[in-house]
Amino acid sequence: MSSSSINLVNSVIDVGSIVDNLIYVDSAPVRNMQSQVTTLQSKVSAFQSLNTNLSTLSDKIDTILYGTTNTPLINPYAFADRLENSIFSKCKVTSSDDAYVSATADNVNSAGTYSIAVTSLAQAKSMAAANFADTSSTTAGTGTLTIKTGANDAVTVTIDQSNNTLTGVCNAINAANAGVAATIINDGTSNPFKLLITANDAGTANSFSVTDNLSGGQSLNLEQKQSATDAQFVLNGVSITKSTNTISDVIPGVTFALKAMTMGAVNLTVEKDIDSIISSLNDFVSAYNSVNSFINSQFAYNATSKKAGLLSGDSTLRGIQSNLQNQITQSIANRYTSLNFSGQAGLDFNRDGSLSLDSAKLQSALSSNFAGVAALFLGNGTPSDNATATDKRVTYNSKTTQTQAGTYSLQITSLAQQASLVGNQSVVSLADNETLTITSGSKSATATLLQNDSLSSVLSKINSAFSVQGMAITATDDGTGKIKIATNSYGSDQSITIVSNRDGSSGFTGFGTTPATASGADIAGLINGHAAVGSGLILTGATGQQEENLRLSVAQTAIGDYGSITVALADAGTEGSSIFMNLHSRLAGITDPLTGPIHNSTDSFNQNIKSLNDEISSYQARLDVEKQMLTDQYNQADQALRMLSVTQSSLSSQLSKLGG
């Protein structure tokens, strides 16, 4: 008998594997979000690495600006203040003979050569007691020791039976803080121990005396062993006396040590430490190039992996790179330098954005124009409630509350003039006596000139007459032998009138008997494009304009552009154009932990990471529910199949019996 059947005996479902595979498929969005989280975390790490590189760069700049990585609470504005503590003020000092005089230098402006002849060294007074056989058994007397050092009050040291050994006396003196130091020495004799008392400081002003009021026991018998003397030396012909051999208050910023008396002079040469300046700038270049290399690595495309850098296309990173480059490539303008670009001092960019320093070019520039190079790198800012001009011919005088902060251009359109008259005759000597009367304002002077007076004598007599009357007028040779008489000041308020008792013929001064009169003229120009008010050599900003009441003195040379003037707010200065100071500020802004672009980017990334993690958690929770549901469903199916398997087995058994 034939039959067909379905075998369900081994039909057991692998529930775990089936459910895991289904959940894996459904969890693709989770894996995608986790990948995004990993990428974002890598970007955060990349920005943290950038921040570390920028911090190193900032430290190098701070060392250039301040000689240390510890920046002041308030950055200096004026060039002189910036220069004072910068690497550009670092000096080195060399001695022609260190065995006699050695020296060190800080940031100073005391460059030069100093000749030092040492005639006496400072030394501290010392006294020694009699020899003792031991330090802790033999006793001295009891009572008091009175020690007086220099102009200080006398100090009384009490010696009793608890401290009247040599060690006890020594310790008691040291504990008294009397300006001396006591010690016990061993001189190698049969009774070898001596109490030695020495002044803490050298010099006659620190000499001391000890009054021994001890009785009983072994006597101290203190005797002077070394007298107090001052250091005496001659520096560039000036005799100087000091109480110490280490001198730090004679040459500003230079400390020198007198080691021995000299037969002749020892020369100290103080000069700018150009090697340290170049070294510091090379350190800056290395730190900058590390930043540039890191940024370029983020933008680079790997042809093998066909992937770009992690931060490729990131606008924040590109902006940081551009911002840093702009501070170095900017045009610099201030009154202390004629240099405008870093390349003029050897600092240039390469094609890949890295920096290179031509040390030879920098050294040459420092040697020929040290202050100009320093001003190029350090710049000149404007202190709060003040103003500065980029052109050295312009001096800020004052402003009022009407003057607004800002940067204003200055052009001179007409030069100021003195009141001036020139005689029409060249003078060699006078043909006869002549009297000149010169009037200016409310004052008048009369010059009495004599026959045969030479030109120099005539000028001297005229100027003497002005001096007697207190008149600010000067007579000079105009270069052709003619007499020029002019007011010392400029402006329309200046006037001069000259009349002579002689006609203007040859042999006389040439001013004539008809009074000649001349007036000066005020300077004219534009501040911020607006016509300013001129008065002599002073220009004042026009009423109703931003520059109103801005008052400037102009050392005029020619008509034309006179740079710009920056006016600062009452409570905030301005940096001015400066390579290193501007870099310092930009780096502080870039790395600011609360508001900087790196903080903003990493904060945005971290917020996205948090949002993704929250979404992952939510999605995972749904997957967990789905997994449980699928597990329950497939377990039920598995159970049903198992029951069918049992039924099949039973039916098969019964069918088998029937067939038999």
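It should be emphasised that the depicted structure is a prediction, and the values quoted were computed from it without experimental measurement. This chain uses plain numbering: 1 for the first residue, then up along the sequence.
- Asp187 and Asn131 share a side-chain donor-acceptor pair at under 3.5 Å.
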(Q) Using the rule given for side chain to side chain donor-acceptor pair (under 3.5 Å), can you reason through Thr204 versus Asp230, listing the C-alpha separation, both sets of side-chain angles and the distance that settles it, and then say yes or no? (A) CA-CA 6 Å; Thr204 56; Asp230 293 321; 2.7 Å; yes
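- Of the inter-residue distances, the one linking Ser276 atom OG with Ile64 atom CD1 reads 12.0 Å to the nearest 0.5 angstrom.
- Shown here is Asp153, whose CG atom has no more than 12 heavy atoms of other residues, nucleotides or ligands within 6.0 Å.
- In Tyr100, the OH atom is not crowded: 12 or fewer heavy atoms of neighbouring residues, nucleotides or ligands sit closer than 6.0 Å.
- Taking the ring axis of Phe233 as reference, the NZ or CZ atom of Lys242 does not stay both within 45° of it and closer than 6.0 Å to the ring centre.
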Q: For side chain to side chain contact (heavy atoms under 4.5 Å, CB included), just list the numbers for Asn350 and Leu355, CA-CA rounded to whole Å, side-chain angles, deciding distance to a tenth of an Å, and then say yes or no.
A: CA-CA 6 Å; Asn350 301 310; Leu355 279 173; 5.8 Å; no
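- Aromatic ring centroids of Phe580 and Phe377 lie under 6.0 Å apart.
- Under the 3.5 Å distance criterion, with hydrogens and angles disregarded, no donor-acceptor pair is assigned to the side chains of Asn326 and Gln330.
- Side chains of Arg335 and Thr395 form a contact here, defined as non-hydrogen atoms less than 4.5 Å apart.
- Looking only at side-chain heavy atoms (C-beta outward), Leu347 and Phe284 come within less than 4.5 Å of each other.
- A donor-acceptor contact closer than 3.5 angstrom is absent between the side chains of Asn292 and Ser354.
- Taking CD1 of Ile251 as the reference point, atom CZ of Phe256 lies at 5.0 Å (rounded to 0.5 Å).
- In terms of heavy atoms, Leu539 sits closest to Gly525 at CD2-N, 3.9 Å.
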**Q.** Lys272/Leu366 under side chain to side chain contact (heavy atoms under 4.5 Å, CB included): CA gap, chis, key distance, verdict
**A.** CA-CA 9 Å; Lys272 294 296 184 183; Leu366 287 168; over 6 Å; no
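- Here the CZ-CG distance, from Arg82 to Asn380, works out to 6.5 Å after rounding to the nearest 0.5 Å.
- Side chain to side chain, Ser102 and Asp98 fail the donor-acceptor criterion of an N or O pair below 3.5 Å.
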**Q.** Trace of the side chain to side chain contact (heavy atoms under 4.5 Å, CB included) decision for Leu50 with Ile598
**A.** CA-CA 9 Å; Leu50 173 63; Ile598 291 180; 4.1 Å; yes
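- With values rounded to the nearest 0.5 angstrom, Ser359 atom OG is found 10.0 Å from Asp275 atom CG.
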Q. Stepwise, does the side chain to side chain contact (heavy atoms under 4.5 Å, CB included) test hold for Asp592 with His599?
A. CA-CA 7 Å; Asp592 189 291; His599 162 78; over 6 Å; no
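- Listed for the Thr255 side chain is no donor-acceptor partner under 3.5 Å among the backbone atoms of Thr104.
- Side-chain contact between Leu324 and Leu54: present, with at least one pair of heavy atoms (C-beta onward) separated by less than 4.5 Å.
- Between Thr388 and Gly381, the shortest heavy-atom contact is CG2-O, 3.3 Å.
- Side-chain N or O atoms of Ser89 include none that pairs as donor or acceptor with a backbone N or O of Asn85 at under 3.5 Å.
- Annotation for Ile247 and Thr244: closest pair CD1-O, 3.1 Å, computed over non-hydrogen atoms.
- Within the 4.5 Å cutoff, the side chain of Ile523 has no heavy atoms near those of the Tyr490 side chain.
- Rounding to the nearest 0.5 angstrom, the gap separating the CD1 atom in Ile197 from the CZ atom in Phe208 is 6.0 Å.
- No option in Ile332, Asn334, Asn369 other than Asn369 meets the side chain to side chain contact (heavy atoms under 4.5 Å, CB included) test with Leu339.
- Ser293 contributes no side-chain N or O that, together with a main-chain N or O of Ser290, makes up a donor-acceptor pair within less than 3.5 Å.
- For the residue pair Thr591 and Asn51, no side-chain donor N or O sits within less than 3.5 Å of a side-chain acceptor on the partner.
- For the residue pair Asn488 and Thr474, a side-chain donor N or O sits within less than 3.5 Å of a side-chain acceptor on the partner.
- The minimum heavy-atom distance linking Met261 with Thr119 is given by the pair SD-O, 3.0 Å.
- Note that CG of Asn177 is 8.5 Å distant from CG of Asn200, once rounded to the nearest 0.5 Å.
- In this structure, Lys399 and Asn549 have side chains that are not in contact, with every pair of non-hydrogen atoms separated by 4.5 Å or more.
- Residues Leu550 and Val567 form a side-chain contact, since some pair of their non-hydrogen atoms from C-beta on lies under 4.5 Å apart.
- Between His584 and Asp62, the side chains place a donor N or O and an acceptor N or O closer than 3.5 Å (distance only, hydrogens not considered).
- In this structure the side chain of Asp201 never reaches within 4.5 angstrom of the side chain of Ser243, judged on heavy atoms.
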Q.
side chain to side chain donor-acceptor pair (under 3.5 Å), that's the test. Do Ser553 and Asn397 meet it? Break it down for me.
A. CA-CA 7 Å; Ser553 293; Asn397 283 352; 2.6 Å; yes
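- Ser239 has its side chain within reach of Val234: a pair of non-hydrogen atoms, C-beta onward, lies under 4.5 Å apart.
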